[in-house]
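Read through the structure below, which is laid out as structure tokens, and then see the notes.
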Number of protein chains: 2
Amino acid sequence: MSRTQGEATVDPRVERSRLVIRRAALEELGAVGYGAFTIESVAARAGVAKSTIYRHWPDKVDLIADAFETFHEQMVPDITPLPPRERIELLTRHVAEVFADSTFSICIPALIEGAERDPRLREFHHRYSATRSQSLIDVISEGVAVGDIPGYIDPELGALALLGPIIYRRLMSGRPFEPELTPALVETVLGPPREHPLSEPLLYKRSRSRGLA
Amino acid sequence: MSRTQGEATVDPRVERSRLVIRRAALEELGAVGYGAFTIESVAARAGVAKSTIYRHWPDKVDLIADAFETFHEQMVPDITPLPPRERIELLTRHVAEVFADSTFSICIPALIEGAERDPRLREFHHRYSATRSQSLIDVISEGVAVGDIPGYIDPELGALALLGPIIYRRLMSGRPFEPELTPALVETVLGPPREHPLSEPLLYKRSRSRGLA
DNA sequence: CCAGTATAGTACGGATCCGTATCGTAGCGA
DNA sequence: TCGCTACGATACGGATCCGTACTATACTGG
């Protein structure tokens, strides 16, 4: 019952309710966190009767998971046919912007906390994180294969080194990772761009590879 | 009142109570998170009367902050006179081990959530994070100056690229960053170690520096 | 031994939230 | 226009936790 069934819900009242409730749920999450999250507060924030929420979602976790899923469906990064290095920078910057965007950034701690407490939220959270990092891993691998990126770089660790700072700055320090730092971060991690990628040999020692889900 | 005054508390009963309560508080934090954290549950977990907790700490936040402070005082990494690169690896591995250690790792999400909600916890959290990353930044700077580390690396971003993956893996994926990955991460971020650090010139383009607190 | 004190245990009123039920209203589709 | 249904509002018993107060007990230091 928590998802819109197939095509579209007939009654516009339902659609409207679900919309404002989902929005209010994310706001509430950002305001008070996961543990203090309350159906009654969401109802008040959405200007909706408590019974209306219970009519559409069985419990707190279902509402939160559904709100996040719906929110994420709206933003898929576009795949662009560019050289690996530029795609890496684009992907990294995109994540940085999402994590700096106030409407989503605010409820990240709550999402992490929720993922720690409930298996459903955990599944969702890990799935989206894995998707993000995997695309980055793929591009780095491609860059290494093409010679655009030094061979000593482990694609998985490289992806972590690009995405990690964004999470670190958001959660461990005062201010988020400014998207403008992206080029400098890419250069620090992947080394300066090569002037003529295919004309220079690879002088680096190769690293062993590792497994990751 | 939440800290032991100066030397030592006279009555051993007090010391014993504070010890078990602090320990129970961290356990409870790891178990239920920050928002669902409850004085009564801590009392039950510690095998202590609720009034005993209120006798020593005015409220929930004070207890949590005190528990974290006391816990952190016990573990300060030792400064070792080694070449920069090895010190970097040591520092990184130390953080990785702390974040993989179950007794502390479990309540990291709660600490982050708490830091998001309360200024006192936020101050503590950011202070310790800044301390950790700053020592790493210093060593990287030294390594760059000595020529042990390529000059295109921005020390601050380099530190983020080393610490970020640890946080990322712990909070965004299923399993924590295994400390054994540290050497590979260092190599991916800083490049392969130079055979004869001082005999080779720096061929890299220099990056501009940035500000960080 | 004894006076002082920290403790365990319990009770309390107040507050909040749960999840459900009921009822009257208003918007919906046909 | 007229059923149908989602809605808002309200009430409810039950549960949990707050922060405080009180008592009796057991440990402490002198």
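Lettering follows sequence order; numbering is per chain, from 1. Please read all numbers here as calculations on a predicted model, not as lab measurements.
By the side-chain contact (heavy atoms from CB on, under 4.5 Å) test, B:Ala49 pairs with B:Ser51, B:Thr52, sequence neighbours left out. Listed by chain and number, the residues in a side-chain contact (heavy atoms from CB on, under 4.5 Å) with B:Arg122 are B:Ala115, B:Pro119, B:His126 (sequence neighbours excluded). Checked against side-chain hydrogen bond (donor to acceptor under 3.5 Å, both in side chains), A:Asp138 has the following partners two or more places apart in sequence or in another chain: A:Gln134. Evaluation of the side-chain hydrogen bond (donor to acceptor under 3.5 Å, both in side chains) rule for B:Thr103 yields B:Asp101 as partners, not counting sequence neighbours. Annotation: side-chain hydrogen bond (donor to acceptor under 3.5 Å, both in side chains) contacts of A:Glu97 (sequence neighbours excluded): none. For the side-chain contact (heavy atoms from CB on, under 4.5 Å) test, residues two or more places apart in sequence or in another chain that qualify with B:Arg45 are B:Ala24, B:Glu27, B:Glu28, B:Ala31. Residues that satisfy the side-chain hydrogen bond (donor to acceptor under 3.5 Å, both in side chains) test with B:Arg117, not counting sequence neighbours, are B:Glu113. Taking the ring pair (Phe, Tyr, Trp, His ring centres under 6.0 Å) definition, one finds that B:Tyr128 meets it with B:His72, B:Phe124, sequence neighbours left out.
No more than 12 heavy atoms of other residues, nucleotides or ligands sit less than 6.0 Å from atom CZ of A:Arg16.
Taking five base pairs at each end of the helix from C:dC1-D:dG30 to C:dA30-D:dT1, the local helix axes there meet at an angle of 40°, rounded to 10°.
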Which letters describe nucleotides 23-30 of chain D, given B = protein heavy atom under 4.0 Å from base, S = only from sugar-phosphate, - = neither?
---BBSS-

Once each nucleotide of nucleotides 13-24 of chain C is scored for protein heavy atoms under 4.0 Å, what B/S/- sequence comes out, 5' to 3'?
----SBBBB---

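Salt-bridge annotation for B:Glu69 and B:Arg127: present, with a side-chain N of the basic residue lying under 4.0 Å from a carboxylate O of the acidic one.
Contacts with DNA chain D (heavy atom under 4.0 Å) in residues 109-121 of chain B: none are found.
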